[in-house]
2 protein chains.
Amino acid sequence: MASVSRFINSPEKVRAETRERIRLAIQECNYRFNFVAKVFSTQRTQTIGLVIPTITNTVFADSTRGLQDEATRHGYQVLMVNADYDSAAESRLVRHLLERQVDGLVLTVSDPHGPIARELADAGTPAVFLFSTLSEGPVSSVGIDNERGGFDATTHLADLGHERIAMLAGSFATSDRSRHRYDGYCRCLSTRGLTLDPQLVVQIPYGLEYCREGVLRLMQTANPPTAIFASNDLMAIGAMGELRSLGLSVPRDVSVVGFDDVLMSSYVAPRLTTIRQPVYEMGRRAVQMVLDALGRGEQSVPRHVILNHELVVRESTASLHRA
Amino acid sequence: MASVSRFINSPEKVRAETRERIRLAIQECNYRFNFVAKVFSTQRTQTIGLVIPTITNTVFADSTRGLQDEATRHGYQVLMVNADYDSAAESRLVRHLLERQVDGLVLTVSDPHGPIARELADAGTPAVFLFSTLSEGPVSSVGIDNERGGFDATTHLADLGHERIAMLAGSFATSDRSRHRYDGYCRCLSTRGLTLDPQLVVQIPYGLEYCREGVLRLMQTANPPTAIFASNDLMAIGAMGELRSLGLSVPRDVSVVGFDDVLMSSYVAPRLTTIRQPVYEMGRRAVQMVLDALGRGEQSVPRHVILNHELVVRESTASLHRA
DNA sequence: AACTTCGATGTAAACGGTTACATATTATGG
DNA sequence: CCATAATATGTAACCGTTTACATCGAAGTT
């Protein structure tokens, strides 16, 4: 029994002869290793739990790639679940993952300042928030400065001469990233002396399918915007599709900026101007931080890292053509 | 101990008074349920393993949604891993999932006729192949008729008067779906009396980023195609992006048909003509079949279900404008 | 040859639930 | 009020691995 365990985990510790004996026995009773029993015994799953808001936005897929690569490099698995932008689901899934004894957690949640932060800190399982901009709090984080991202995106539009700049925002309730990007949008407006027209800000649920109504609300006002800043690329692409349906041309009639720089954004027509996040690197860093905390044990203090973003100008934005 | 177990699994079986006593004790020693121990003891994880080829193509996300919904409806979790279109990874991941004692498996693999089928059949864990077109074999399957899908897509182009129809195919080695769609493409060509020009068929790895070279190869021939059938919507969108880079207009210069009808396809410009797969339903059916087999035990026979697809005509295809 | 040392192998407890079965408690009927 | 049935609770074995520790055997030392 013990020798079999040794055989499996460090074959060099058992004599060649015994090794052979074991190999045969294994063949004989076509034995299959029981990972669950191992976990039960060691209390280590070699698994990192990942909670993402949705599987349909490929930013999360891209960061997952970085996460996955780094994890496998260290012999860890990734257990991914999606919460569908539902904060109740987030808590439920975190509990599920903790019950399943994941060694660490990486999560993108609607509100990293909410009760979930305490839950995580109490659980004693290393965790890091991904994508959010945090500078404090009991659980670590890695992201970009979403407020500055929003500021930069809006500034780009203002630089092009736009004055009626709308924001097509993902619902703040389900994403603090969207809220921070909105903060940056506001700051830019006030820096430029532009008025913040509440009619030019609409919040919609995440997902392409909700863009229609949002764009309609924006464009059917008395004084419609000449530029739209969308919370993410998916919504920007959705918005462009809707604008086209309304007979408007991007960027001639309306400029559009997105956020994330999803691969798709450089293939759509027109190619999307956007804020690039270093998502692959973010994913990598997140697992590094988890493994780091795992190494340190209890006495590790939360860290908050903020990576650089970058404005990528493509075809969906243009100078305001004054009528 | 036993009462605690009862308390957790069927509270109605313990007296209110005892229930209270247990609740307090749980509070006291802030007990956390250990799912791994339960699994170890019961040999049931209430989990279905899911192997997908990539996380960046949203078809898989969409089918996963159906899968997830049906699974949770029956109290099952989904454990998703992606193989990145690598057949070695597929085998490795299947072994991993089996070691983790998943109760059933749903998988989309490069070749459902390959050795993995035997492995699965031998393992004794219920499994179903998703997306592939199978009519026999030891493991169940649910998909559409990919050959007919390819035929229908190509026929649509032929009906529009196109004679030089290219196929931008995902590498056959990594996807039998692509191969079947190609078979349909060939059948259409021969039915119409069109010659199958090998220069008009290129295989590329999956992913937007590989479309550039594929389209270049196609368009830089002496007699370039007037229509392109792509293995999936992602590649179709990639192709449209590349065609635009070459100064060609879709559909005026070149018509493009995709496959899958991913949500994004109705938002890009021009909106993509494609073959719709009932992906949500496919996901649901797959877990139903797994749970069904789980119910029957050993004596369940493999089933192969083929659902209907549908040609969705949008803006990316047009009649051949004869020069 | 006896003693020490060291590596290889065997033994048994432990991990935390579940569950069959034994026992205790409560309800029911005569 | 007792016998009996029904229901609630307690007991202990079990799942398959790891791991600390015991034991064994071979090689090296005196």
Side-chain angles (χ1 to χ4, degrees), chain A residues 1-47 49 74-77 79 95-104 122-125 294-295 297-298, chain B residues 1-47 49 74-77 79 95-104 123-125 294 297-298:
Chain A
M1 205 69 267
S3 282
V4 176
S5 181
R6 280 185 281 264
F7 170 77
I8 285 163
N9 297 306
S10 37
E12 74 283 359
K13 292 206 167 176
V14 353
R15 234 176 355 153
E17 186 209 326
T18 324
R19 217 143 49 197
E20 198 46 39
R21 203 150 51 88
I22 291 172
R23 198 200 320 285
L24 287 173
I26 283 178
Q27 289 271 321
E28 189 82 28
C29 17
N30 69 332
Y31 161 89
R32 167 157 284 144
F33 184 78
N34 186 330
F35 182 76
V36 173
K38 177 194 186 128
V39 168
F40 175 57
S41 166
T42 58
Q43 314 280 56
R44 279 267 165 280
T45 47
Q46 301 285 90
T47 298
H74 292 89
Y76 278 76
Q77 291 275 309
L79 206 172
R95 253 195 313 281
H96 254 113
L97 291 171
L98 289 175
E99 280 184 358
R100 277 162 194 256
Q101 311 279 102
V102 293
D103 297 340
D122 291 345
T125 302
L294 226 35
E298 289 302 314
Chain B
M1 205 68 269
S3 282
V4 176
S5 182
R6 281 186 279 262
F7 169 77
I8 285 163
N9 297 307
S10 38
E12 75 282 1
K13 292 205 167 177
V14 356
R15 233 182 354 160
E17 187 207 323
T18 325
R19 221 147 40 202
E20 197 47 40
R21 202 149 53 86
I22 292 172
R23 199 200 318 286
L24 287 172
I26 283 178
Q27 288 272 320
E28 191 81 27
C29 19
N30 68 334
Y31 161 88
R32 166 157 288 142
F33 184 79
N34 187 331
F35 182 76
V36 173
K38 177 195 187 128
V39 168
F40 176 56
S41 165
T42 57
Q43 313 281 58
R44 278 268 166 278
T45 48
Q46 301 284 90
T47 297
H74 292 90
Y76 278 75
Q77 291 275 308
L79 208 172
R95 254 195 313 280
H96 254 113
L97 291 171
L98 289 175
E99 280 184 358
R100 277 162 194 257
Q101 312 277 103
V102 294
D103 296 340
T125 302
L294 226 35
E298 289 302 315

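Numbered from 1 within each chain, the chains take letters A, B, ... in sequence-line order. All values derive from a computational prediction rather than experimental measurement.
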Report task. Decide yes or no, distance alone: a donor-acceptor N/O pair under 3.5 angstrom between the base of D:dG10 and the side-chain of B:Arg6. Result -> yes

**Report entry** N/O donor-acceptor pair, side chain B:Ser5 with base C:dT18, under 3.5 angstrom
**Finding:** no

Looking at the side chain of [X], which of [options] is the nearest nucleotide?
X	options	answer
B:Phe33	C:dG10, C:dT18, D:dT17	C:dT18
B:Lys38	C:dT19, D:dT17, C:dG17	C:dG17
A:Asn34	C:dG17, D:dT17, C:dA8	D:dT17

Mind checking [X] for me? I need base, sugar-phosphate or nothing, with any heavy atom below 4.0 Å counting as a touch.
X	answer
A:Val36	nothing
B:Arg32	sugar-phosphate
B:Phe7	nothing
A:Val39	nothing

Query raised in the report: Quick one: on DNA chain D, does B:Ala16 or A:Thr42 contact a more 5' nucleotide (nearest heavy atom)?
Result: B:Ala16

Query raised in the report: Rounded to the nearest 0.5 Å, how far does NZ of B:Lys38 lie from CZ of B:Arg44?
Result: 12.0 Å

Report summary line: Interatomic distance, CG@B:Asp103 vs OH@B:Tyr76, rounded to 0.5 Å, equals 5.0 Å

To the nearest Å, how far apart are [X] [atom1] and [N] [atom2]?
X	N	atom1	atom2	answer
B:Phe40	D:dA13	CZ	C1'	12 Å
B:Arg19	D:dT7	CZ	P	16 Å
B:Ile26	C:dG16	CD1	C1'	14 Å
A:Ile8	D:dT18	CD1	P	6 Å
B:Arg44	C:dG17	CZ	C1'	16 Å
A:Glu12	C:dG7	CD	C1'	13 Å
B:Gln43	D:dG16	CD	P	6 Å
B:Lys13	C:dT18	NZ	P	13 Å

Query raised in the report: With distance as the sole criterion, is a donor-acceptor pair present between the side chains of B:Arg100 and A:Thr47 under 3.5 Å?
Result: yes

Query raised in the report: Would you say A:Asn9 reaches D:dT18's phosphate, i.e. side-chain N/O to OP1/OP2 under 4.0 Å?
Result: yes

Query raised in the report: Between B:Asn34 and A:Gln43, does a side chain to side chain contact (heavy atoms under 4.5 Å, CB included) hold up when you go through it step by step?
Result: CA-CA 10 Å; B:Asn34 187 331; A:Gln43 314 280 56; 4.2 Å; yes

Query raised in the report: Does the A:Arg19 side chain pair with the main chain of A:Pro11, one donor and one acceptor, at a distance under 3.5 Å?
Result: yes

